[in-house]
Amino acid sequence: MSMPRQNIRPHDERRDERNIARLGIISVQSRIDDTLRNWTAEFSIEGRPYRVECAAPYGRPHGIDTDLILAIQTLFIRTGCPEHNWLHTTAYELRGVAGLPDNGRTYQRLKDSLKRLWGTGFMVAEGWFDPQRGRRVWSSDSLRYIERVRHHELDREPEELPGLDPSSTLSIRLGEQLADSIRARHVQVLDGQLLYQLEQPPARALYRLLEAHRTDAGGQRRLLLEVGLQDWRLACGIQSERPEIVRRALQPAHDELRATGYLRDVQIQGRGKAQVLSYHFTEDDAPDQALVELLIGVGVSRATAVLLATEHGEAVETAVAFVRHRQAAGQVKNPGGLVVDYLRQPAKYVLPERLHSAPVDEATRKVRALQAIQVAEQQAEKAVKQERQRLAALPPAEQFSALRGSLKVLLRPLGKEAWAGLERLCLSGQLSALDVREEAARAMGRLELQSYLDDLQAQIADAAPD
DNA sequence: TTCCCTGTGAGAAGACCGGT
DNA sequence: ACCGGTCTTCTCACAGGGAA
């Protein structure tokens with residue numbers, strides 16, 4: 001059972017760690033030879049070398065695995081990137097954020113996908129950009145997308161990854177480096193609207209890959225990306241070495257990305273293995289990319305953000321500041337909508353005094369775009385705190401019933417009798433359900449759940465002599 | 001079930017190269 | 001410059017099997 005949080009709609013932006021996205025671990029192909037369990041790729045994009053060695057006992061990740069890893073990272077960031085690296089969610093929520101249809105087959109695919117992602121381990125040599133030190137680290141390291149997957153069924157003993165169903169509760173522990181890198185803000189923002197428009201998984205995967213590679217070390221998004229076919233084949237995880245097959249695999253994705261306006265053009269020059277692909281991105285007419293990122297950060301789609309930044313220029317900063325101010329003061333149901341409305345009809349709104357600001361220079365603006373991400377995360381944290389306050393104010397019985405689900409998951413090993421005892425203590429107010437849940441969650445994060453449960457059991461036995 | 005992605009192979013066309 | 005041999009790459013057709 002996850003903490004109540006702002007629901008993510010299909011059109012909201014997705015977050016994605018950029019280092020690993022560049023490695024091409026997840027193939028853009030929709031089908032793949034799953035007998036291939038080990039592979040090594042060495043390639044170079046925009047002059048940056050990459051070397052990856054992978055083992056995937058359940059087959060190489062591909063197709064919807066991209067959607068899933070985006071959903072996992074997005075949800076992890078929304079819950080404030082907890083230090084224990086666990087994401088507690090449900091198969092239903094994950095499916096929704098991944099943009100997959102809600103039917104029986106999806107849950108089977110979700111299970112397969114999680115297994116592939118969890119099973120895939122990789123050694124990365126070179127090309128690891130350390131955001132803390134602001135430079136590339138030239139060492140090799142073993143990484144994993146997902147460290148553990150736990151699936152809890154409320155009334156059944158846990159099994160190893162049993163079949164997922166919509167009501168099941170799912171806990172995913174992100175790989176250490178992945179989580180650390182996300183915390184260090186080495187993330188890219190992907191346009192949910194665009195992801196939603198792209199019908200085929202290869203097109204979505206290619207969009208993610210292009211975004212990761214088009215951004216240079218300074219954070220600037222290039223308008224042209226030129227890649228050698230051989231390098232790009234490895235970056236995309238296309239298995240065939242035949243140049244015409246590689247092109248054929250990319251063709252539908254190129255068509256889709258052009259049709260949605262993300263790419264202006266794709267040119268292919270040369271012949272055979274010496275071919276070079278030139279991706280021409282649509283010129284964002286917005287004079288300043290930071291403004292666009294700022295808007296996306298409050299939930300505006302990329303297309304709309306580009307439009308607004310073009311039309312309104314620096315007023316965007318005031319608008320975003322206004323919405324942040326409103327958010328901090330109370331509830332804003334739809335921050336994206338409020339920003340749009342503010343920009344279109346500023347007369348409707350009264351601006352607080354301190355938000356009237358002088359025009360700022362380029363550097364300040366970039367810093368602010370970064371801050372916007374941090375602010376969004378602080379907002380999420382704040383929402384969690386507010387929810388905690390609301391729960392704390394409830395009478396014991398109501399508090400218990402509100403938390404019943406998550407307690408049941410956390411404390412499942414207690415057994416029926418102790419559970420009944422716990423219920424009595426919580427209902428009578430002798431124990432606070434909220435405290436119990438928080439302590440249990442903390443204990444779980446420190447891998448000390450068992451000793452906590454033992455303590456709790458003793459407490460229950462003392463308090464309720466039969 | 002149908003659809004269509006992907007790998008394979010045949011044959012044709014092109015690129016490359018050394019010899020005349 | 002021309003030729004012939006060889007290797008690469010392209011187009012096309014087709015089959016298998018995973019996705020919807």
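Chain identifiers are assigned alphabetically (A, B, ...) following the order of the sequence lines, protein sequences preceding nucleic acid strands; residue numbering begins at 1 within each chain.
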Would you mind reading off the distance between [X] atom [atom1] and [N] atom [atom2], rounded to a whole angstrom?
X        : N      : atom1 : atom2 : value
A:Arg31  : C:dG16 : CZ    : C1'   : 10 Å
A:Gln230 : C:dT8  : CD    : C1'   : 12 Å
A:His62  : C:dG17 : NE2   : C1'   : 12 Å
A:Asp67  : C:dA20 : CG    : P     : 11 Å
A:Ile245 : C:dT8  : CD1   : P     : 16 Å
A:Glu199 : C:dA19 : CD    : P     : 18 Å
A:Gln239 : C:dG18 : CD    : P     : 13 Å
A:Asp102 : C:dA20 : CG    : C1'   : 16 Å

Next on the checklist: side chain to side chain contact (heavy atoms under 4.5 Å, CB included), that's the test. Do A:Leu263 and A:Tyr207 meet it? Break it down for me.
Outcome noted: CA-CA 9 Å; A:Leu263 288 176; A:Tyr207 162 53; over 6 Å; no
Item to check | Along DNA chain B, first and last positions that approach a heavy atom of chain A under 4.0 Å | outcome: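 Nucleotide range in contact with chain A: B:dC4 to B:dA15.
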Checklist entry - Looking at A:Arg116, A:Arg204, A:Lys115, A:Arg109, which hits salt bridge (Lys or Arg N to Asp or Glu O under 4.0 Å) with A:Asp65? => result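 Looking at A:Arg116, A:Arg204, A:Lys115, A:Arg109, the match for A:Asp65 under the salt bridge (Lys or Arg N to Asp or Glu O under 4.0 Å) is A:Arg116.
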[X] ring center near [Y] ring center (under 6.0 Å):
X        : Y        : value
A:Phe122 : A:Tyr145 : yes
A:His213 : A:Tyr279 : no
A:His88  : A:Phe76  : no

Checklist entry - Can a side chain N or O of A:Lys273 be found less than 4.0 Å away from OP1 or OP2 on C:dT8? => result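 Answer no for this pair, as no side-chain N or O of A:Lys273 is under 4.0 Å from OP1 or OP2.
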Checklist entry - For atom CD of A:Glu438, is the number of surrounding heavy atoms from other residues, nucleotides or ligands below 6.0 Å larger than 12? => result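 Counting other residues, nucleotides and ligands, CD of A:Glu438 exceeds 12 neighbours.
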Checklist entry - Is the number of heavy atoms from other residues, nucleotides or ligands under 6.0 Å of A:Gln251 CD greater than 12? => result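 Correct, the count exceeds 12.
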Item to check | 5' precedence on DNA chain C between A:Ser30 and A:Ala274 (nearest-nucleotide basis) | outcome: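 Nearer the 5' end of the strand: A:Ala274.
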Checklist entry - If you measure only the distance, is there a donor-acceptor pair under 3.5 Å linking the side chains of A:Ser181 and A:His186? => result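 Short answer, no.
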Item to check | Partners meeting salt bridge (charged side-chain N to carboxylate O under 4.0 Å, His left out) with A:Asp16 (sequence neighbours left out) | outcome: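 Salt bridge (charged side-chain N to carboxylate O under 4.0 Å, His left out) check on A:Asp16 returns A:Arg208.
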Next on the checklist: What's A:Arg109 touching, base or sugar-phosphate or nothing? Going by heavy atoms closer than 4.0 Å.
Outcome noted: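 Sugar-phosphate only.
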Next on the checklist: What's A:Gln275 touching, base or sugar-phosphate or nothing? Going by heavy atoms closer than 4.0 Å.
Outcome noted: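 Sugar-phosphate contact only - A:Gln275 comes under 4.0 Å of backbone atoms but never of a base.
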Item to check | Terminal axis angle for the helix from B:dT1-C:dA20 to B:dT20-C:dA1, five pairs an end, nearest 10 degrees | outcome: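 Computed angle between terminal axes is 30°.
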Checklist entry - Starting at the 5' end of DNA chain B, which residue's closest nucleotide do you reach first, A:Val28 or A:Arg271? => result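 Taking each residue's closest nucleotide, the earlier one in sequence belongs to A:Val28.
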